[in-house]
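Step one of this worksheet: look at the structure below.
Fair warning: this is a prediction, and the values are worked out from it, not measured in the lab. Values reported hereafter were calculated over all heavy atoms of this structure, with side chains retained and with hydrogens, waters and symmetry mates removed. The chains referred to below are lettered A, B, ... by the order of the sequence lines, with proteins before strands, and numbering in each begins at 1.
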Amino acid sequence: MRVWVTIAGLLLAAPVSAASWVAVAGSEIRVLAEHPFQTVRMRSFAPEGAFAWSPSRPLDFSGMIERPLSVAWASFDSGNANRDAVIRERVRAYRFPQAHFVPEDFRDAASTPTGVTATAIGRLYVGGMMQRFEAPFRIELEAEDRLRLRGGFDLDMTAFEIVPPSLLFLPAEPRVTVELELVMRTATSPTKE
Amino acid sequence: MFADYPRAVGGVHRAPLLPARAVCQTGAMASSDRCSYAALALVAALTLTSLVPARASAGPIAERRSAALDPYLQPVPLPPDYDFRAMERRQRMLRWHEGLSILTILTLGAQVAVGQAVMAAEEQRPITTSMARMRDAHLGLGAATAGVYLTSAALAIAAPPITRGPGYDAFTWHKGLTLLHGTGVVLVPLLGFAIEDARSTSRPDADRIRRLQTAQQAVGYTALGSLIGAAVVIAID
């Protein structure tokens, strides 16, 4: 009798169980930094992360995070290897090779015609420093097993005790713009693009 | 491209410094051992503290302990060949390199301008006192340029290297232009000596002097242009 109750429970739970979504190739994080002489665009195509989410219950983010969003500093490319090396020094990548965002809570979840928007509240780790952080994002379901998560925020690097690099005695703006665009697939679907 | 994304409104919310990281921020990032030992000692102390029976202040202690054990705040071991002080020295040396390079551009620019004025004045004879003064100024500026340039170049060469990936970029151009302005800065005084040598003979050959002056002028402008170019490629890319 108990077995049948368990099986029935599992069958009832199956339609609403959240699928596991994993960041795959095509994902990108962009960092835009301003200097009086130039605008620097750094891009990384190697963000990592996984979360559980069910399209049938789009506003339910409880228990969402399976693996926090992480990106290795070494994967960023600004088109200038020397500058990339300097930036890695500044963000203390030799001690803390990755930046992490660990969401702890979600708010302002809303459905839109194109998807779902919400704000993730969590801890952002850069260069061995942690700051509480809020990051709004949008999820667009592109196929049954594929979605696109977009987000963007401004970040003050001095809050992480990072001294902005300078060029010809002029320092870069400490405030940078970060944009992320994650292509995610369900863990069971093929991850190759 | 950047307008289509939802954006954070509040930006960064500063949290209190965390104990393990605070220890690492005491200007001793290079001394990884000291930093690691301090973090270990802190973790040990906080763990021992947590064994004490719970009191009214147990909340904050538990929070501090969890912060010290936060896996994302644990540094990876420093590479054995990593020298933090060398990186600081590199930044200091390259800042001086930047400043002296700007000074080189100014002195070389002034030298080229004065040299141009000397050439124009020599068209009108006889040689006047002011022209002789201009020649002295030209020579003095040349000596200053060479001194500042060599010091700047020595700083760039001696600066501890940084690990960088392969590929061509602005820095490659910056280094490539060194060949041009380096050769120019060596040739300009050599041509200057040749001009003085040609002038000091008993019967100076005006055509030869003019040819040497024209060559020195061309080399001077090339060196100045490539120096400015080396600064510009770094500045704009």
Side-chain angles (χ1 to χ4, degrees), chain A residues 30 32 35-38 68 70 74 77-86 88-89 92 94-98 100 102 117-119 123-125 128-138 150-161 165-170 175 177-181, chain B residues 1-18 20-22 24-25 29 32 35 67 70-79 82 84 87-88 90-91 94-95 98-99 101-102 161-172 174-175 231-237:
Chain A
R30 294 184 285 269
L32 185 79
H35 182 272
F37 292 149
Q38 58 186 238
S70 301
D77 181 10
S78 71
N80 183 323
N82 193 61
R83 179 170 52 216
D84 293 343
V86 170
R88 281 198 297 276
E89 288 295 319
R92 303 183 280 274
Y94 49 90
R95 293 293 267 165
F96 304 94
Q98 286 188 309
H100 307 277
V102 186
T117 60
T119 298
R123 308 189 306 268
L124 182 64
Y125 296 85
M129 302 278 295
M130 185 274 281
Q131 297 286 331
R132 300 277 167 195
F133 202 73
E134 295 182 9
F137 64 92
R138 187 167 72 216
R150 297 172 200 257
F153 48 85
D154 290 342
L155 202 59
D156 186 351
M157 299 311 278
T158 54
F160 296 91
E161 295 188 5
S166 65
L167 179 63
L168 298 175
F169 301 102
L170 296 172
R175 211 164 184 80
T177 300
V178 181
E179 289 184 354
L180 57 111
E181 185 166 344
Chain B
M1 180 171 79
F2 291 93
D4 192 33
Y5 295 85
R7 314 203 82 79
V9 180
V12 172
H13 301 283
R14 190 167 179 77
L17 295 183
L18 300 169
R21 190 213 43 74
C24 298
Q25 289 293 316
M29 292 296 283
S32 60
C35 193
D70 190 329
Y72 301 106
L73 290 174
Q74 306 310 312
V76 298
L78 270 179
Y82 188 85
F84 184 74
M87 289 302 112
E88 279 188 337
R90 173 187 162 85
Q91 286 175 14
L94 291 184
R95 214 171 299 134
E98 278 183 3
S101 298
I102 292 169
I162 201 165
T163 311
R164 62 192 294 273
Y168 295 96
D169 52 35
F171 190 68
T172 316
H174 183 76
K175 281 174 83 173
V232 167
V233 291
I234 286 291
I236 63 168
D237 184 24

Heavy-atom closest contact (A:L168 atom, B:A235 atom, distance):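 For A:L168 versus B:A235, the nearest heavy atoms are CD1-CB, 3.8 Å.
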Q) Which heavy atom of B:L73 sits nearest a heavy atom of A:G128, and at what distance? A)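 Between these two residues, the closest heavy atoms are CD2-O, 3.3 Å.
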I need the B:T172 OG1 to A:N80 CG distance, nearest 0.5 Å.
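Taking OG1 in B:T172 and CG in A:N80, the distance rounds to 8.0 Å.
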Rounded distance (nearest 0.5 Å) linking atom CZ of A:R83 with atom CG of B:D169
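One gets 8.0 Å once the value is rounded to the nearest 0.5 Å.
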* Please check if the side chain of A:E89 supplies one atom and the backbone of B:E88 the other of a donor-acceptor pair under 3.5 Å. =>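 Answer holds: no.
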query = Is atom OH of B:Y168 surrounded by more than 12 heavy atoms (other residues, nucleotides or ligands) closer than 6.0 Å?
reply =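 Open: at most 12 neighbouring heavy atoms sit under 6.0 Å from OH of B:Y168.
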**Asked** Where on B:I102 is there a heavy atom nearer than 4.5 Å to chain A: the side chain, the backbone, both, or neither?
**Response**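 Only the side chain of B:I102 comes within 4.5 Å of chain A.
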Check the orientation of B:Y72 and A:H100. Use parallel for under 30°, tilted for 30 to 60°, and perpendicular for over 60°.
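It falls in the tilted class, 30° to 60°.
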Check against side chain to side chain contact (heavy atoms under 4.5 Å, CB included), B:H174 and A:N82
CA-CA 11 Å; B:H174 183 76; A:N82 193 61; over 6 Å; no
